[in-house]
Structure formats: C-alpha cells, structure tokens
Number of protein chains: 2
Amino acid sequence: MYEPYITLLKEHHLKATPQRLQIIHYLHTHHTHPNADDIYTALRHTSPSLSRTTVYNALETLKKENIIHSITISAGETRYDARIDTHHHFLCTTCNTISDIELVCPNIKRVEGGGYCIEEVHGYFKGICPQCAQKQERKHEPKDAA
Amino acid sequence: MYEPYITLLKEHHLKATPQRLQIIHYLHTHHTHPNADDIYTALRHTSPSLSRTTVYNALETLKKENIIHSITISAGETRYDARIDTHHHFLCTTCNTISDIELVCPNIKRVEGGGYCIEEVHGYFKGICPQCAQKQERKHEPKDAA
DNA sequence: TCCTACATTGTAATCATTACAAGTTAGGAT
DNA sequence: ATCCTAACTTGTAATGATTACAATGTAGGA
Ligand SMILES: [Mn+2]
Ligand SMILES: [Mn+2]
Ligand SMILES: [Zn+2]
Ligand SMILES: [Zn+2]
C-alpha cells in the first residue's frame with residue numbers, strides 16, 4: 001500500500017518512516033487541503049504516539065523536496081496539497097472548504113514580458129461553493145420541498 | 001492634507017482619529033503592501049505614543065468597511081493594500097517586495113459556470129522581480145562593468 | 001547484527017494577532 | 001463654548017500557529 005511512497009522518499013534520499021508514509025498517504029487520500037493540525041488529529045487515532053512536531057517537520061521536509069505543496073489562503077494557517085501541478089483553488093467562506101479549480105493562468109507570458117521571473121503561480125477565489133449556494137437557495141425559495 | 005480621508009471615514013460613520021488618518025495616509029503613499037508592524041514601526045517615529053494594537057484595530061476596521069484590503073501571500077503575515085480594485089501581485093523571493101501586477105482574470109465566468117459564487121479574486125506570482133533579476137545577471141556576466 | 005546519521009518526540013520559546021480593561025477623545029447635543 | 005458619551009486608543013495579558021531544542025529512537029547501509 002505504501003510501496004510507491006517508499007520509493008518516492010528513497011528517490012529523495014529521505015528515510016521512509018511510518019510517520020512520513022502516513023502523512024503522504026493522508027494527503028493523497030484527502031483532497032481537502034488540510035492544515036498541519038488536521039493531519040495530526042486525523043492520524044492520532046491510529047498512531048497515538050505521533051507528535052505534532054513530527055507532522056510539522058515532515059510537511060516541511062516534503063515541501064522542500066517538492067513532494068507536496070503548501071498553500072496560504074486563509075490568514076494564520078498553512079494548508080497542504082498532494083497535488084504539485086499548478087492549479088487554482090476556491091475557498092468557501094461558508095464551509096471553509098478549499099477545492100481545486102482546474103484552470104491555467106493565461107497571463108504568464110505577459111508578466112514575464114515585464115521582466116519578472118515567475119517561479120510559482122497562485123490563484124484562488126473566495127466565495128460560496130456550489131453545495132453551500134444550493135443550501136442557501138433552498139432556504140429562501142423552498143418551492144419544490146419534497 | 002487629510003481632508004479626503006476625513007470625509008471618507010465620516011461617510012463610513014467612523015471617527016476621524018489622527019491614528020486612522022495616519023494609517024490610511026501611510027497606505028496611500030507607500031504601495032509596498034506593508035504588514036501591521038511595518039506601519040507601526042514607520043508611524044512610531046512621528047507618533048511615539050501609537051500602540052501596536054491601535055494599528056491592528058484600525059486596519060481591521062478599515063478592512064471591514066472595504067476602505068482597504070488585506071492580502072495573504074507569505075505565510076504568517078497579513079499585508080495591507082490601499083487599492084481595493086481587483087488586481088494581481090508579485091512576491092519577490094529575493095527582496096520580499098510585493099508589487100502590483102495589472103491583470104484581470106479572464107476565467108471568472110468559467111468558474112461561475114461551475115456553480116461557484118465568486119466574492120473575491122486573488123492572483124499572485126512568486127519569483128524574482130526585474131530589479132533583483134538584473135542584479136543577479138550583472139553578478140554572473142559582468143561584461144559591461146564601468 | 002551493529003552502527004550512526006537521520007528522525008521522532010515532548011517541551012519550551014517565538015511571533016503574529018486578539019482579548020480585555022482602563023483611560024482618552026471626537027464630535028453631536030446643549 | 002462646554003458637556004457628554006459612545007467610540008477609540010493604549011498597554012498588557014492571552015491565544016494559536018509554528019519553530020527551536022535536546023533527549024531518545026530507528027531506518028537502513030556496512
Ligand atoms: Mn489543490
Ligand atoms: Mn496591490
Ligand atoms: Zn461551502
Ligand atoms: Zn526583488
């Protein structure tokens with residue numbers, strides 16, 4: 001189950017510790033863009049000896065090796081993403097969920113033309129996600145109530 | 001000098017205190033996207049009795065009234081902007097400067113088509129700004145040294 | 001199996017931000 | 001011009017995320 005992650009870590013000259021494997025696996029199976037504490041709290045259930053510091057250390061190491069990415073959208077918390085290809089995000093101000101938006105920024109060349117050397121592209125929207133928008137609509141217009 | 005800001009604050013039913021006026025004025029004359037402490041440190045020189053808490057309070061109040069915007073780009077710090085129109089940013093990883101990028105996101109309709117209700121659009125690039133890029137080039141290819 | 005460089009752990013420190021309570025003031029009312 | 005009070009400022013203490021550190025444990029090569 002963890003084989004591909006073990007290979008990945010070894011390619012980067014990192015030890016394949018159970019903690020790191022669990023963290024990578026969590027990110028790959030939960031596309032919720034969790035923060036460090038979300039991961040800590042989730043893994044704690046099956047690994048009670050896990051330390052919060054280990055989660056921070058592992059995330060930092062994986063980020064440095066470009067195995068995962070971190071995203072800064074809500075102030076005061078860093079969230080993590082197993083996807084390392086450039087893509088956009090949507091933060092729902094109602095349910096606090098961050099979802100992926102499949103977009104490619106078409107302006108990169110224009111910015112580079114201005115003399116900027118782009119290393120990372122970040123785009124995100126804030127607003128109300130489809131699920132929350134529907135719920136709100138139902139509240140205000142409960143026509144088709146079953 | 002502060003008249004327009006006084007008017008602005010009164011329109012929003014806010015008291016035109018010297019602290020708020022200085023903070024607004026600082027943001028309008030320094031397009032560096034400073035954080036709260038930058039502003040505090042700068043204004044302290046002429047207003048030694050200023051409190052850091054006042055800076056945080058004022059920024060929060062102005063943000064709520066949509067008189068200024070806050071941006072979250074570097075983890076762990078909120079930076080502020082007198083511009084409230086939607087525009088993009090560039091964070092230079094060498095000199096830590098955030099500069100404005102004049103771009104309009106052309107993908108908004110596509111995202112809204114997916115059922116999302118967009119309230120804010122944020123776009124930023126990380127990399128090396130033209131000034132820092134030039135300095136680096138000179139280091140490596142010092143052909144035209146005067 | 002042994003060894004040790006690399007990792008994990010728990011605790012203490014740090015740093016940005018927020019909460020709070022006491023003192024001050026902007027600006028409307030008189 | 002003076003009074004009054006809700007709004008504001010201030011200093012300090014609390015909070016919450018993250019980092020530093022020192023002791024202990026272990027992955028994985030020899
Ligand atoms: Mn993502
Ligand atoms: Mn700006
Ligand atoms: Zn939502
Ligand atoms: Zn620069």
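Residue numbers start from 1 in every chain, and the chains themselves are labelled A, B, ... in the order their sequence lines are given, proteins ahead of strands.
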Show me, pair by pair, the donor-acceptor contacts under 3.5 angstrom made by side chains of residues 103-110 of chain A, not counting sequence neighbours?
none

Taking atom P of C:dA16 as reference, at what distance in whole Å does atom CG of B:Leu59 sit?
-> 15 Å
Any donor-acceptor pair under 3.5 Å linking the side chain of B:His28 with the backbone of B:Ile24?
-> no
Given side chains that start at C-beta, do those of A:Thr97 and A:Leu91 come closer than 4.5 Å, heavy atoms only?
-> no
Nearest-Å distance for atom pair CD/P, residues B:Gln19 and D:dT9 = 5 Å
Close residues, residues 41-50 of chain A, relative to DNA chain C [heavy-atom separation under 4.0 Å] | A:Ser49, A:Leu50
Under 3.5 Å donor-acceptor, B:Arg20 side chain and B:Ile6 backbone = no
Applying side chain to side chain donor-acceptor pair (under 3.5 Å), which residue pairs with at least one partner in residues 1-19 of chain B are found, sequence neighbours left out?
-> B:His12-B:Glu65
Do the non-hydrogen side-chain atoms of A:Leu8 and A:Ile67 ever get within less than 4.5 Å of each other?
-> yes
Using a cut-off of less than 4.0 Å, is there contact between a side-chain N or O of B:Ser51 and OP1 or OP2 of D:dT9?
-> no
Rounded off to whole Å, could you give me the OH-to-C1' distance for the B:Tyr40 and D:dT10 pair?
-> 10 Å
A:Ile23 atom CD1 is separated from C:dT8 atom P, nearest whole Å, by 8 Å
In whole angstrom, give the distance that lies between atom NE2 of B:His12 and atom P of D:dA7.
-> 17 Å
Return the set of residues passing side-chain hydrogen bond (donor to acceptor under 3.5 Å, both in side chains) with B:Gln134 (not counting sequence neighbours), or none when no residue passes.
-> B:Arg138
For A:Asn66, the side-chain hydrogen bond (donor to acceptor under 3.5 Å, both in side chains) test, sequence neighbours excluded, returns A:His69
Given atom NZ of B:Lys64 and atom P of D:dC8, what is their separation to the nearest angstrom?
-> 11 Å
Please tabulate, for side-chain N and O atoms in residues 44-53 of chain A, each donor-acceptor pair with protein atoms closer than 3.5 Å (sequence neighbours left out).
unit_1, atom_1, unit_2, atom_2, d
A:Arg44, NE, A:Tyr40, OH, 2.8
A:Arg44, NH2, A:Tyr40, OH, 2.8
A:Thr46, OG1, A:Leu43, O, 3.3
A:Ser47, OG, A:Gln22, OE1, 2.9
A:Ser47, OG, A:Gln22, NE2, 3.4
A:Ser51, OG, A:Thr53, N, 3.1
A:Arg52, NE, A:Asp37, OD1, 2.8
A:Arg52, NH2, A:Asp37, OD1, 2.9

Would you say B:Cys129 and B:Cys95 make side-chain contact, with heavy atoms under 4.5 Å?
-> yes
Rounded to 10 degrees, the angle between the two terminal axes of the helix from C:dT1-D:dA30 to C:dT30-D:dA1, each from five pairs | 30°
Pairs meeting criterion ring-ring contact (aromatic ring centres under 6.0 Å, His included) with involvement of residues 83-103 of chain B, two or more places apart = A:Tyr116-B:Phe90, B:His33-B:His89, B:His87-B:His89
Identify each donor-acceptor pair in which a side-chain atom of residues 119-127 of chain A lies under 3.5 Å from a protein atom, sequence neighbours left out, and give them as a table.
unit_1, atom_1, unit_2, atom_2, d
A:Glu120, OE1, A:His122, NE2, 2.6

Do any N or O atoms of the protein come closer than 3.5 Å to N or O atoms of nucleotides 26-30 of chain C, and which pairs are they?
unit_1, atom_1, unit_2, atom_2, d
C:dA26, N3, B:Lys15, NZ, 3.1
C:dG27, OP1, B:Ala16, N, 2.9

When rounded to whole Å, the CG to P distance for the pair A:Leu21 and C:dA7 reads 12 Å
Under 3.5 Å, N/O pairs linking protein and nucleotides 18-22 of chain D:
unit_1, atom_1, unit_2, atom_2, d
D:dT18, OP1, A:Thr78, N, 3.0
D:dT18, OP1, A:Thr78, OG1, 3.3
D:dT18, OP2, A:Tyr56, OH, 2.6
D:dA20, N6, A:Thr53, OG1, 3.4

What residue pairs, at least two apart or across chains, pass salt bridge (Lys or Arg N to Asp or Glu O under 4.0 Å) with a residue in residues 86-105 of chain A?
-> A:Arg83-A:Asp100, A:Arg83-A:Glu102
